[in-house]
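Below is one structure, written out as structure tokens; comments come after it.
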Amino acid sequence: MKTKTVYSFGPDRVYIGRVELDESDLSPADEGEVWLVPGNCLLAEPPQPVEGKRYFAAANGMWIAEDMPVPEPVPELPVTPEPETPGDEPAVVAEPHVPTFEERAAALRDGVQKHLDDTAVAYGFDDIRTAVTYAEEPAVPRFQAQGRAFRAWRSLVWDFCYSLQDKVAAGQADEPTLEQLLPMLPVCDFIAFQPTPVQESDSTTPTTGSPAE
């Protein structure tokens, strides 16, 4: 019996595991071997597991690796020394610092920026800022398409983050942790920015503006 292995992800687009398709998943309407892949699965196999990494399903059908978020420890303030006073009065201990809303929001923004940079690095760029600089460089269409996709994605991510921040401040939404926020962010849509293939002319004489073969 024919089988096909695909790789599934959850609602947050994080990789879950393998799914085995069988002959009942073959398309009856197509000739040849055409598999009906479920919408929450990719054909591409994710890389081997790496400690501290997890994989997200990207819009281009590939897997994107990023660091698992680690909560930032809250720094502890030094304990006030016990005063030398007679009697059995209890020592005064300073209250632990509770981060303000602005401090927590700044920490989330730092985490989102790292997510943007790490994603760009996974595609061979130094960071998201470097990737965006290729958006207006037409010399290599593939790099320009990726630059435009990263530029649009960066805008969508920050628009989502600041809109959510306003809702949290107004009491209209719960404040997320970084681990909860990252799967909520928009996914970079590389497919929408794929360069259009240039059709070859039937004429043997090069046209104006086209390089001669």
Side-chain angles (χ1 to χ4, degrees), residues 1-70 108 111-132 134-135 140-161 164 176-197:
M1 185 176 68
K2 295 181 179 180
T3 61
K4 179 73 174 179
T5 302
V6 294
Y7 304 89
S8 65
F9 54 86
D12 54 3
R13 304 191 70 83
V14 176
Y15 173 64
I16 296 177
R18 296 169 175 255
V19 174
E20 292 293 333
L21 305 182
D22 56 31
E23 292 181 350
S24 65
D25 297 300
L26 287 170
S27 172
D30 297 291
E31 296 182 1
E33 189 174 292
V34 178
W35 294 92
L36 300 176
V37 180
N40 66 329
C41 295
L42 296 181
L43 291 172
E45 182 178 2
Q48 291 296 320
V50 178
E51 184 177 356
K53 297 280 187 181
R54 62 181 181 181
Y55 298 94
F56 283 88
N60 63 348
M62 302 302 292
W63 296 98
I64 297 177
E66 72 170 20
D67 294 333
M68 289 185 178
V70 179
L108 287 177
V112 170
Q113 182 63 54
K114 185 177 185 301
H115 172 61
L116 293 173
D117 289 334
D118 288 345
T119 304
V121 169
Y123 280 82
F125 299 100
D126 293 336
D127 50 30
I128 187 71
R129 184 175 301 176
T130 303
V132 168
Y134 283 82
V140 181
R142 175 167 60 92
F143 293 158
Q144 184 180 31
Q146 289 178 338
R148 289 177 175 176
F150 274 119
R151 182 174 63 182
W153 179 52
R154 180 180 63 176
S155 296
L156 292 172
V157 166
W158 286 121
D159 177 66
F160 176 86
C161 289
L164 179 59
T177 64
L178 181 60
E179 187 173 11
Q180 294 168 335
L181 176 60
L182 292 182
M184 298 164 59
L185 299 178
V187 176
C188 190
D189 187 0
F190 292 100
I191 297 178
F193 292 89
Q194 286 297 316
T196 303

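What you see below is based on every heavy atom in this structure, not just the backbone, and it leaves out hydrogens, waters and symmetry mates. Sequential numbering from 1 along the given sequence is applied to the chain's residues. Since we're looking at a predicted model, the values are computed, not measured.
Side-chain contact check for Val6 versus Leu21: some heavy-atom pair is nearer than 4.5 Å. When side chains are defined from C-beta on, Ile64 counts as touching Tyr123, because their heavy atoms get closer than 4.5 Å. Using a 4.5 Å cut-off on side-chain heavy atoms (C-beta onward), Cys188 and Leu156 make no contact. Side-chain contact check for Phe125 versus Gln146: some heavy-atom pair is nearer than 4.5 Å. The closest side-chain heavy-atom distance from Leu43 to Val37 is below 4.5 Å. Looking at Arg54 and Leu182, their side chains come closer than 4.5 Å, going by heavy atoms from C-beta outward.
Side chain of Trp153 to main chain of Pro186: a donor-acceptor pair is present (N/O by atom type, distance under 3.5 Å, no hydrogens or angles). Judged by distance alone, with hydrogens and angles left aside, the side-chain atoms of Asn40 form no donor-acceptor pair with the main-chain N or O of Ser8 at under 3.5 Å. Using modelled atom types, one side-chain atom of Asp25 and one backbone atom of Asp22 make a donor-acceptor pair closer than 3.5 Å. Checked by atom type and distance alone, the side chain of Glu23 pairs as donor or acceptor with a backbone atom of Lys2 at under 3.5 Å. In this structure a side-chain-to-backbone donor-acceptor pair under 3.5 Å is present from Arg148 to Ala135.
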* **Step-by-step side chain to side chain contact (heavy atoms under 4.5 Å, CB included) determination, Val112 to Leu181** => CA-CA 8 Å; Val112 170; Leu181 176 60; 3.7 Å; yes
* **From CA spacing to verdict: side chain to side chain contact (heavy atoms under 4.5 Å, CB included), Phe160, Met184** => CA-CA 9 Å; Phe160 176 86; Met184 298 164 59; 3.9 Å; yes
* How far apart are the C-alpha atoms of Gln194 and Arg142, what are their side-chain angles, what is the distance that settles it, and do they pass the side chain to side chain contact (heavy atoms under 4.5 Å, CB included) test? -> CA-CA 7 Å; Gln194 286 297 316; Arg142 175 167 60 92; over 6 Å; no
* Do Lys4 and Glu20 pass the salt bridge (charged side-chain N to carboxylate O under 4.0 Å, His left out) test, and can you show the C-alpha distance, the side-chain angles, and the key distance before you say yes or no? -> CA-CA 6 Å; Lys4 179 73 174 179; Glu20 292 293 333; over 6 Å; no
* To do: I would like to know whether Asp12 and Gln180 meet side chain to side chain contact (heavy atoms under 4.5 Å, CB included); could you show each step before the answer?
  => CA-CA 9 Å; Asp12 54 3; Gln180 294 168 335; over 6 Å; no
* Dump the intermediate steps for ring-ring contact (aromatic ring centres under 6.0 Å, His included) on Phe150 and Phe190, then the final yes or no. => CA-CA 8 Å; Phe150 274 119; Phe190 292 100; 5.3 Å; yes
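To the nearest 0.5 Å, atoms CG (Asp159) and CG (Leu164) are separated by 11.0 Å. Separation of atoms CD (Gln113) and CG (Asp127) is listed at 8.0 Å; rounding is to 0.5 Å. Rounded to the nearest 0.5 angstrom, Leu116 CG and Arg154 CZ are separated by 8.5 Å. How far SG of Cys41 is from CG of Leu36: 12.0 Å, rounded to the nearest 0.5 Å. In this structure, the separation between CG on Leu108 and OG1 on Thr177 is 8.0 Å, given to the nearest 0.5 Å. Atom CD1 of Ile128 is separated from atom CZ of Arg151 by 11.5 Å, given to the nearest 0.5 angstrom.
Heavy atoms from other residues, nucleotides or ligands lying under 6.0 Å from OH of Tyr7 number more than 12.
Pairing each heavy atom of Asp189 with each of Ala149, the nearest pair is O-CB, 3.9 Å.
The aromatic rings of Trp63 and Tyr15 lie perpendicular to each other, with more than 60° between the two planes, well past the 30° mark.
Between Phe9 and Tyr55, the ring center distance fails the sub-6.0 Å criterion.
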